[in-house]
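Below you'll find the structure, written out as structure tokens, and then a few comments.
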Amino acid sequence: MSNILSPIIDPEDLLKIKDSSAVVLIDARAGINANENYQKEHLKDARFVDLNKDLATVENPVNGGRHPLPSLEKFSKVLAKLGISPKSHVIIYDDKNGSNAAARFWWMLRAIEHEKVQVLNGGLQAAIKTGYPTSSEIENFEPAENYSIPEWKLGIADINEVERARNSNENIVIDVRDKNRFDGLTEPLDLIAGHIPGAINIPFSENLDENGFYKPAEVLAEKYSKITENKNSENIIVHCGSGVTACHTLLAMDYAGLAIPKLYVGSWSEWSRNDRELATK
């Protein structure tokens, strides 16, 4: 977990600081109607970020998967457009308990060493239930100066590194998709069902309790410490379908006080389109 700030914030704590001028609240819902849903109702003062347009550069999924990272220059402009400066306290939510773009945006900010960034525990629904005000109005705010971003500082694995890692006893490749997708029983998003041979399946949903909140840090710490066998984070690679939901598990591990492993951004969407070896149950 970050020594500076917990990667998650509970709705009650967000409610206490909602009027702080340092807080930049971000709605990171994804999907076909995400922007429309934001316009209909969002947490008051929240600014909308688009997964496809702002947090990725969607091109040919053969090269980088369905949600490859944007260029550093593009990301800098996105942050400026959202009014985010290095001093901003960024709090991000979605409507999928952080498994949509909220955790992805968190990871991207952590990867440029932004100090104050958190994901809202329980997401949009929990905040509304807690009494956080909502709005359908256009949110007016001032853009910021372009954010200086020299490089991504967190570990990123490419397809060739994953190929080497899956065949090595020194490495662990973790697939966070649900078991049916991992086993090749269903595939709602990509062309081929299955998983990367040698990968282990730890569904991201196991990070959450029955109410959709993150499990206690000590519970997650015990779980992931056993799974990773105290391996160096450089030898652990986490992936999903397109490098978005995997960030939910990276966040969970950070919250648990563990080092953040590498992210395979291309994930199954890239691997399955590149004539690599495939496996099913």
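Heavy atoms only: backbone and side chains are in, while hydrogens, waters and symmetry mates are out.
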key: same_hphob_cluster(Leu220, Phe213) at 4.5 Å side-chain heavy-atom cutoff   = no
key: Which atom of Glu277 lies closest to which atom of Pro197, heavy atoms considered   = O-CD, 3.1 Å
query = Which residues satisfy the side-chain contact (heavy atoms from CB on, under 4.5 Å) test with Gln125, sequence neighbours excluded?
reply = Asp95
inquiry  = Assess the residue pair Lys77 and Glu73 against the criterion (salt bridge (Lys or Arg N to Asp or Glu O under 4.0 Å)); give the C-alpha distance rounded to whole Å, side-chain angles, the decisive distance to 0.1 Å, and a yes or no.
reply    = CA-CA 6 Å; Lys77 292 179 180 178; Glu73 180 182 6; 3.6 Å; yes
request  = Kindly give the cluster partners of Ile91, where membership spreads through any ILVMFWY side chain lying under 4.5 Å from a current member.
outcome  = Ile9, Leu14, Leu15, Ile17, Val23, Leu25, Leu43, Tyr93, Leu120, Leu124, Ile128, Tyr132
query = Can you tell me how far CD of Glu234 sits from CD1 of Ile236, rounded to the nearest 0.5 angstrom?
reply = 9.5 Å
query = In Å, rounded to the nearest 0.5 Å, how long is the span from NZ of Lys215 to CG of Leu208?
reply = 8.0 Å
query = Are the charged groups of Glu222 and Lys226 less than 4.0 angstrom apart, N to O?
reply = yes
ask   = Is there a side-chain contact between Val162 and His239, using heavy atoms and a 4.5 Å cut-off?
value = no
remark   = Contacts of Lys53 meeting side-chain contact (heavy atoms from CB on, under 4.5 Å) (sequence neighbours excluded), chain-then-number -> Asp50
Over all atoms of both residues, closest heavy-atom pair of Leu250 and Pro261 = CD2-CD, 3.6 Å
task = First locate atom CD of Glu270, then atom NE2 of His67, and finally report the distance between them rounded to the nearest 0.5 Å.
result = 14.0 Å
ask   = Around Glu170, counting heavy atoms of other residues, nucleotides and ligands shown, do more than 12 lie under 6.0 Å from its CD?
value = no
Gap separating the OG1 atom of Thr186 from the CG atom of Asp178, nearest 0.5 angstrom = 7.5 Å
note = Taken in chain and number order and not counting sequence neighbours, the residues that satisfy side-chain contact (heavy atoms from CB on, under 4.5 Å) with Leu72 are Ile149, Trp152
inquiry  = Whether the side chain of Lys96 engages the backbone of Ala101 through a donor-acceptor N/O pair (distance < 3.5 Å, no angle test) should be reported.
reply    = no
remark   = Taking every heavy atom of Ala165 against every heavy atom of Val173, the minimum-distance pair comes out as CB-CG2, 4.0 Å
Heavy-atom side-chain contact between Val238 and Phe204 under 4.5 Å = no
note = Residues Glu145 and Ala80: closest non-hydrogen pair is O-CB, 3.7 Å
task = Could you check if a side-chain atom of Tyr255 sits within less than 4.5 angstrom of a side-chain atom of Asn207, using non-hydrogen atoms only?
result = no
key: Nearest non-hydrogen partners of Ser242 and Ser267, listed with the distance   = N-CB, 3.7 Å
query = What pairs of residues pass the side-chain hydrogen bond (donor to acceptor under 3.5 Å, both in side chains) test when at least one of them lies in residues 187-196, not counting sequence neighbours?
reply = Arg66-Asp190, Arg177-Glu187, Arg181-Glu187, Asp190-Arg273
request  = Output yes when a side-chain donor or acceptor of Asp183 lies under 3.5 Å from a complementary backbone atom of Leu185, and no otherwise.
outcome  = no
query = Taking the side chain as C-beta and beyond, is there a heavy-atom pair between Leu69 and Arg104 under 4.5 Å?
reply = yes
Cluster check Val265, Val58: I/L/V/M/F/W/Y, side chain < 4.5 angstrom = no
request  = Name all residues meeting the side-chain contact (heavy atoms from CB on, under 4.5 Å) criterion together with Pro203; count only those two or more places apart in sequence or in a different chain, and write none if there are none.
outcome  = Asn201, Ser205, Glu206
query = Would a hydrophobic clustering, with Ile, Leu, Val, Met, Phe, Trp and Tyr connected at side-chain separations under 4.5 Å, put Leu251 with Leu51?
reply = yes
inquiry  = Main chain of Glu163, side chain of Asn167: is a donor-acceptor contact present, judged purely on distance under 3.5 Å?
reply    = yes
query = Would a distance-only check, ignoring hydrogens and angles, find a side-chain to backbone donor-acceptor pair under 3.5 Å from Ser76 to Ser148?
reply = no
request  = Output all residues satisfying ring-ring contact (aromatic ring centres under 6.0 Å, His included) with His89, sequence neighbours left out; order by chain, then residue number.
outcome  = none
query = In the hydrophobic clustering that connects Ile, Leu, Val, Met, Phe, Trp and Tyr at side-chain heavy-atom distances below 4.5 Å, which members other than Leu189 occupy its cluster, ordered by chain and number?
reply = none
inquiry  = Treating Ser225 as the side-chain partner and Ala221 as the backbone partner, does any N or O pair qualify as donor plus acceptor under 3.5 Å?
reply    = yes
query = Does the side chain of Ile202 reach to within under 4.5 Å of the side chain of Lys223, using non-hydrogen atoms?
reply = yes
inquiry  = With a 4.5 Å cut-off on side-chain heavy atoms, are Asn100 and Val244 touching?
reply    = no
key: Tyr214: ring-ring contact (aromatic ring centres under 6.0 Å, His included) partners, not counting sequence neighbours   = His248
request  = Answer yes or no: does atom CG of Asp275 have more than 12 heavy-atom neighbours from other residues, nucleotides or ligands under 6.0 Å?
outcome  = no
inquiry  = Which residues pass the ring-ring contact (aromatic ring centres under 6.0 Å, His included) test with Tyr224, not counting sequence neighbours?
reply    = none
request  = Please assess Leu5 against Val117 for the test side chain to side chain contact (heavy atoms under 4.5 Å, CB included), listing each intermediate value before the final yes or no.
outcome  = CA-CA 8 Å; Leu5 200 65; Val117 54; over 6 Å; no
query = Which distance, rounded to the nearest 0.5 Å, do you find between the CD1 of Ile26 and the CG of Asp94?
reply = 12.5 Å
message = By the ring pair (Phe, Tyr, Trp, His ring centres under 6.0 Å) test, which pairs, at least two apart or in different chains, include something from residues 40-66?
response = Tyr38-His42, Tyr38-Phe48
Steps toward side chain to side chain contact (heavy atoms under 4.5 Å, CB included) verdict (Leu82, Val90) = CA-CA 10 Å; Leu82 292 169; Val90 184; over 6 Å; no
ask   = Do you know the tightest heavy-atom contact between Thr245 and Cys240?
value = N-SG, 3.5 Å
ask   = Side chains of Arg276 and Ile196: closer than 4.5 Å at any heavy-atom pair?
value = no
inquiry  = Return the CD1 to CZ distance between Ile84 and Phe141, rounded to the nearest 0.5 Å.
reply    = 9.0 Å
query = Are Arg29 and Asp27 ion-paired here, with the side-chain N under 4.0 Å from a carboxylate O?
reply = yes
ask   = Quick one: does Asp10's side chain have a donor or acceptor within less than 3.5 Å of a partner on Glu12's backbone?
value = no
ask   = Do Leu263 and Ile237 belong together in a cluster built from hydrophobic side chains that touch within less than 4.5 Å?
value = no
ask   = Is any side-chain heavy atom of Leu55 closer than 4.5 Å to a side-chain heavy atom of Val49?
value = yes
ask   = What residues form a salt bridge (Lys or Arg N to Asp or Glu O under 4.0 Å) with Glu139, not counting sequence neighbours?
value = none
inquiry  = Using modelled atom types and a 3.5 Å cut-off, is there a donor and acceptor pairing between side-chain atoms of Ser269 and backbone atoms of Gly241?
reply    = yes
inquiry  = Do Trp106 and Val176 land in one hydrophobic cluster if side-chain heavy atoms of ILVMFWY residues count as linked below 4.5 Å?
reply    = yes
Neighbour count above 12 (heavy atom, 6.0 Å) for Lys231 NZ = yes
